[in-house]
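Excluded from the calculations below are hydrogen atoms, water molecules and symmetry mates; all remaining heavy atoms, backbone and side chain alike, are included. Note that the structure is a prediction, hence the values are computed from the model and not measured.
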2 protein chains.
Amino acid sequence: MALSGLQKIRSAYVPRLPPALQASRVRLVQGDPTTAADPSDALAISRNFPLTYGQSLAHLLPDDTDVKDAPTSLRVGVVFCGRQSPGGHNIISGLYDALKSHNPNNVLLGFVGGTEGLFAQRTLEITDSILAPFRNQGGYDLLGRTKDQIRSLQQVNDARAACESLKLDGLVLIGGCTSNADAAQLAETFASTGCRTKVVGVPVTLYGDLKNQFVETDVGFDTVCKVNSQLISNICTDALSAEKYYYFIRLMGRKASHVALECALQSHPNMVILGEEVATSKMTLFELTKQICDAVQQRAQKDKYHGVILLPEGLIESIPEVYALLEEIHEHMRQGVQVDDIPSQLSPWASALFEFLPPFIRSEFLLEKESDDSAQLSQIETEKLLAQLVETEMNRRTKAGTYTGKKFNAICHFFGYQARGSLPSNFDCDYAYALGQICYHLVAAGLNGYMATVTNLKQDVTEWRCGAAPLTAMMTVKRWLRGPGVSMIGKPTINFTKVDLNGKPYQALRQNAGTWLLDDLYRNPGPIQYSGQGANLKTVTLSIQDQDYIGRIQELWAYLEKVKKMVQPGCPEEVLKAALSSMSSVIEVLSVMSAPAFRGITPY
Amino acid sequence: MALSGLQKIRSAYVPRLPPALQASRVRLVQGDPTTAADPSDALAISRNFPLTYGQSLAHLLPDDTDVKDAPTSLRVGVVFCGRQSPGGHNIISGLYDALKSHNPNNVLLGFVGGTEGLFAQRTLEITDSILAPFRNQGGYDLLGRTKDQIRSLQQVNDARAACESLKLDGLVLIGGCTSNADAAQLAETFASTGCRTKVVGVPVTLYGDLKNQFVETDVGFDTVCKVNSQLISNICTDALSAEKYYYFIRLMGRKASHVALECALQSHPNMVILGEEVATSKMTLFELTKQICDAVQQRAQKDKYHGVILLPEGLIESIPEVYALLEEIHEHMRQGVQVDDIPSQLSPWASALFEFLPPFIRSEFLLEKESDDSAQLSQIETEKLLAQLVETEMNRRTKAGTYTGKKFNAICHFFGYQARGSLPSNFDCDYAYALGQICYHLVAAGLNGYMATVTNLKQDVTEWRCGAAPLTAMMTVKRWLRGPGVSMIGKPTINFTKVDLNGKPYQALRQNAGTWLLDDLYRNPGPIQYSGQGANLKTVTLSIQDQDYIGRIQELWAYLEKVKKMVQPGCPEEVLKAALSSMSSVIEVLSVMSAPAFRGITPY
């Protein structure tokens, strides 16, 4: 590996530590016990996780008591599970430094090649010299990764065999929603089968969609949004200089549109279309096209023939009829139908839509699914589809005489991989390093089935709070109807949190949508800075939303307490009715927020 | 316009000034007289430019003589001519600050909308407040730009009418090779028609291909290479983390591959294919495909199924048979053949190649030409063509049993617009600002047909040298045979300088090619830094090539002097033969360097 000048400077960077971790000794304090995020899921989750359900929150505090005996030595394993996020290496360096500073005999084993390395027990013992060139660097190349699942019984057993044969005291899984749900499952299985390895998760996903009352943001999101915003803004500047193209830019974001939202707040493009908006308003492909065309036409009236339009890769699945088509295609795939035969077996309406789509999109729709059973969203060029539909419609309007402006020209971009491998920002370096250190304390304290957490992140590091929350407290259960009267209940899982359409960041976007659309108020946050002014800027989302987010949960919690007091045995019927109606509005708000837990939020 | 935090910090940045420009007064000293770059072109150029040919070099020195009367007030116009390059705005701010500091009554008029704004006399008078938010920012959006030519008689006359009716003392054209050749033409025309406006050019092109003994690098090249290298390196990191894809990345670079070369030296990808290599070795599409496939196979033997391959957009025109096909298509276009009819009118061999190509490339080949008469290289997806050809060949090898590795998977990228609009690096800010200031001094001294120059750029700003060179000294004349015995001679022009395949940067690339190909020695220069360590790094090309470049020209010059002395009237035949053979090797080296001028290189 050949480090560049900046890489060398970065590898020497010392992450800033929150107060709890600066102390020579750290005390782990038990907080409130937790239940399920949604009370109605409590039973299902507690049945699936009898041993790890209902555990208490944990808080890390500086410990000024007398120094005790050196702790017994620990052996910990660590795995990169999900898609690579900038800062991932710092989880390892935080964990390693904490292990070694507490006892030089502690051992950190990295599993080489993700979960497959775990199953196959391929390990690399981390040492100072191995780790040095990876400190504060991007990517996951210290250990690599493969598919990010620990799902089948065989996989769980292999993981357990690895932990036992390697005599691990702790196993740290680095990943997003899916990997942390897998961590919860492993923790429960290990506990129930007498495996002494404690399983700990960390919130690491560039998508920023692992978010709840315990988790304010994820490692990688800050960096990825900054790199993407830099590029989007460069394109805005270019559009404004050349004044001849519309740029359609697709961004990462499968299940939720957090990256697109944050990038829009950073760069002020002319339009951004979030999957959540389209899904909520049940907008069709036709309506979406019309909306963009109307915007192009409005701008043409101001003699503007350039523009920048952002969309998340998950947008395509948010369009109702497209989602239904994809579902139908995937159902045929599941049943083993040959890809070439699928088009002829589609239902009439699905077939009609399929034939309407341009050929390149048709073949992208027929690509094999991802390992997590979703469509290959990184390969579906939604931006090209929309650009093409808009062009066709603008040409139609021109012919019909309803549009008299210049020809519409589009250029398409997908910003994915060029952000994901970035050198992490100071924020991601610090956040990840702290999480890594917390993992050590969780394992040392024997906690199992927890996620390391840092809160109050929008403040300076000196005000960050360290702790941990049980993974089961973040779980929800999916219910759906399969035919009349046949209700299904899914496995408890940690859900992807969507963009809150009632939250401040989205509202900030909407308030500005009109002027951004027409007035080209482009803003360029520039490249990530590591020193000087500008090195400690945080995402807009973190700065304005999460504060509000926690605040609103506390508000709702207080409100529910009030309702509980109102509803006493024998209280008048009107009071009951009023309480019920209040409750339903609360539930509505919460379901939009997708973060419906009420326990464990007492500030600490 | 909404400036971000970093944009505000940048707008307050004060560019560092070379010593000559720090002085309260500046003296313009006449240097050596110049001739044509290639002596055999001297006659043709002097005939085309009788009034501006053969002028002397100019050097700017600090002037410590007594302060004279304040200079009479000047009116200067400025135009963005070429494609937008980061730093362009700083030419204007340097020019503006110099104008105002020498006489507050001086006026700077910006032409709105490029050369078309010049022809139509659309001006914006630059003021402190108008300029403030654009200082040290990217893009050309202060004034905008259109097509970048001043070519037809009508256009030249319109430019002259604008300069006369606006009473301009000076006109500054900001652009690359083409725009500076246009500036030379304007200067000559103005001089010959009694127009008193002095025309001055500046070397601004992100392609970095305006390069000769007077010009070490161009404004914008530093920034664009840094942004692209950042992204390429991020993708390298990603490739190494996920280990499943080959990334084919197309970079800007039409006539020359300087951007691709510099990015490769920064990021150490597995392969880079320069247009110059392919053109020199006359490599066919088939051979190119084979070379990549062999590399994929070599890597597969080391169990590596990922990689990063760079190519410039101009590569496609460097492949001999593809160039010939494109020429044939363009000839049909010139003759007014309808696009749809062109394929059927191609010659048999061109038609065979055309039919062999994938449909998407065929339609891209049939796109309208650019304003400069070249193919729409930004729209031709050479990276997809190569990826597809490689995939087909790897599948063939698999079937034939000669390749037994895993399936080859490619992802394609074009990095163009996302770098071009970037906030400029400190280097580009400083360089452009100095050039802008020099423009003032040239106009004030009444120099016409000059390019502002700064040399010794690889050293710290405190060692930069400021001056100017006549545009005609950079010109060459193209000659070609059109049928037997019919020799044609083109208009004198400023040629795009190709990558020197004998130069140090290219040699550095080749020396490392083997290890970079197989060993994944990826290097990440990271995002551009504006403060702290790492804020003053320069391009590798500038640091290692240009030094050598000047050095080698001096060496060759000394050599030629020696040969001249050898060849005296009546000298023995062997001496003549030896001299002739030495000469031919010198000519060969020079033709490869594409920078064949010997005059005016005495160091100053």
Side-chain angles (χ1 to χ4, degrees), chain A residues 1-7 9-10 80 83-84 113 137-141 144-146 227 230-243 245 247 266 268 360 378 411 413-415 417-423 520-535 537, chain B residues 1-7 9-10 80 83-84 113 137-141 144-146 227 230-243 245 247 266 268 360 378 411 413-415 417-423 520-535 537:
Chain A
M1 200 151 85
L3 293 190
S4 73
L6 189 63
Q7 279 182 303
I9 295 170
R10 291 307 292 164
F80 284 131
R83 297 191 172 85
Q84 51 269 41
Q137 311 291 324
Y140 277 9
D141 42 319
R145 70 168 190 88
T146 50
V227 177
Q230 170 197 357
L231 302 183
I232 293 162
S233 302
N234 288 353
I235 286 200
C236 290
T237 303
D238 208 70
L240 194 57
S241 300
E243 298 186 296
Y245 297 114
Y247 293 89
Q266 289 287 350
H268 303 183
F360 75 90
S378 66
I411 291 183
H413 280 291
F414 171 45
F415 288 167
Y417 309 95
Q418 55 267 66
R420 199 164 70 169
S422 173
L423 289 180
D520 300 347
L521 297 173
Y522 304 140
R523 176 183 183 275
N524 195 335
I528 293 176
Q529 296 299 296
Y530 293 109
S531 63
Q533 292 171 284
L537 297 168
Chain B
M1 201 150 87
L3 293 190
S4 73
L6 188 63
Q7 279 182 302
I9 294 169
R10 292 307 291 162
F80 284 131
R83 297 189 174 86
Q84 51 268 38
Q137 311 291 325
Y140 277 9
D141 43 319
R145 70 173 248 298
T146 51
V227 177
Q230 170 198 358
L231 302 183
I232 293 161
S233 303
N234 288 353
I235 287 201
C236 291
T237 304
D238 208 69
L240 194 56
S241 300
E243 298 185 298
Y245 296 113
Y247 293 88
Q266 289 288 348
H268 305 182
F360 75 90
S378 65
I411 290 184
H413 280 289
F414 171 46
F415 288 167
Y417 308 96
Q418 54 268 65
R420 199 167 68 169
S422 173
L423 288 180
D520 299 348
L521 296 174
Y522 304 139
R523 175 183 183 275
N524 195 335
I528 293 176
Q529 296 299 295
Y530 293 108
S531 62
Q533 292 171 284
L537 297 168

**Message:** Heavy-atom cut-off 4.5 Å, strictly under: side chain, backbone, both or neither for A:I528 against chain B?
**Reply:** both
**Request:** List for me each residue that meets side-chain hydrogen bond (donor to acceptor under 3.5 Å, both in side chains) alongside A:Q529, sequence neighbours excluded, and say none if there are none.
**Result:** none
**Message:** Side chains of A:P527 and B:V227, heavy atoms from C-beta outward: is any pair under 4.5 Å?
**Reply:** no
**Prompt:** Sub-3.5 Å donor-acceptor pair from the side chain of B:S4 to the main-chain atoms of A:R523, do we have one?
**Reply:** no
**Request:** For the residue pair A:S241 and B:F80, establish whether any side-chain heavy-atom pair is separated by less than 4.5 Å.
**Result:** no
**Asked** Which region of A:Q230, side chain (C-beta onward) or backbone (N, CA, C, O), has a non-hydrogen atom less than 4.5 Å from a non-hydrogen atom of chain B, or is it both or neither?
**Response** side chain
**Asked** If you count heavy-atom pairs under 4.5 Å with chain B, which of A:G532, A:S233, A:P525, A:G534 comes out on top?
**Response** A:P525
**Request:** Please state whether the side chain, the backbone, both or neither of A:I411 comes within less than 4.5 Å of a heavy atom of chain B.
**Result:** side chain
**Asked** When heavy-atom pairs shorter than 4.5 Å are enumerated against chain B, which of A:Y530, A:Y140, A:Y245 gives the highest number?
**Response** A:Y530
**Message:** Does any backbone or side-chain atom of B:I9 lie under 4.5 Å from a heavy atom of chain A? Answer side chain, backbone, both or neither.
**Reply:** side chain
**Asked** Checking heavy atoms, do the side chain of A:F360, its backbone, both or neither come under 4.5 Å from chain B?
**Response** neither
**Full working for side-chain contact (heavy atoms from CB on, under 4.5 Å) between B:N524 and A:L3** = CA-CA 7 Å; B:N524 195 335; A:L3 293 190; over 6 Å; no
**Request:** Take B:R420 and A:N234, measure what side-chain contact (heavy atoms from CB on, under 4.5 Å) needs, and give me the verdict at the end.
**Result:** CA-CA 7 Å; B:R420 199 167 68 169; A:N234 288 353; over 6 Å; no
**Asked** Should B:Q84 and A:D238 be marked as a side-chain contact (heavy atoms from CB on, under 4.5 Å) after you check the CA-CA gap, both sets of side-chain angles, and the distance that decides it?
**Response** CA-CA 8 Å; B:Q84 51 268 38; A:D238 208 70; 3.0 Å; yes
**Request:** Side-chain contact test, heavy atoms from C-beta onward, threshold under 4.5 Å: evaluate it for B:L231 versus A:L231 and give yes or no.
**Result:** yes
**Message:** Checking A:Q418 now: which residues fulfil side-chain hydrogen bond (donor to acceptor under 3.5 Å, both in side chains) with it, not counting sequence neighbours?
**Reply:** none
